[in-house]
Amino acid sequence: NMIREIKGYFWGNNDSPIKRDDHAMDELRYYVMSRPEPARLENMPASIIEEHKQKLLKKLHNANRMLR
């Protein structure tokens, strides 16, 4: 059923899926969202992407604070 539903899953004009015959897709979404996040090792160094992400988040936080 899920394969059939994936093939027939379409998005409307307003960036939201068309809600028709999508029960297996809903079940897949609930399953994926219920999975725990992988454990993060404390001793493992952050990746370059993670470092850039943290810097951008800090800049965004500071910019929001200045707007208040």
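Just so it is clear, the model here is predicted, and its values are computed rather than measured.
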**Report entry** Member of His52, Glu50, Glu51, Lys58 meeting the side-chain hydrogen bond (donor to acceptor under 3.5 Å, both in side chains) criterion with Gln54
**Finding:** Glu50
Does atom [atom1] ([X]) have a neighbourhood of more than 12 heavy atoms from anything else shown, all under 6.0 Å?
{"X": "Leu56", "atom1": "CG", "result": "yes"}
{"X": "Asn1", "atom1": "CG", "result": "no"}
{"X": "Ile49", "atom1": "CD1", "result": "no"}

Hydrophobic clustering (ILVMFWY, side-chain heavy atoms < 4.5 Å, transitive) - are [Y] and [X] grouped together?
{"X": "Tyr30", "Y": "Tyr9", "value": "no"}
{"X": "Met25", "Y": "Ile18", "value": "no"}
{"X": "Leu60", "Y": "Met66", "value": "no"}

Report task. Please list all pairs passing the salt bridge (charged side-chain N to carboxylate O under 4.0 Å, His left out) test where one or both residues lie in residues 16-25, with sequence neighbours left out. Result -> Arg4-Asp21, Lys19-Asp22, Lys19-Asp26
**Report entry** Minimum heavy-atom distance between Phe10 and Lys7, given as atom pair plus value
**Finding:** CZ-O, 4.1 Å
Report summary line: Given the options Lys53, Lys59, Lys55, His61, Leu57 meets side-chain contact (heavy atoms from CB on, under 4.5 Å) only with Lys53
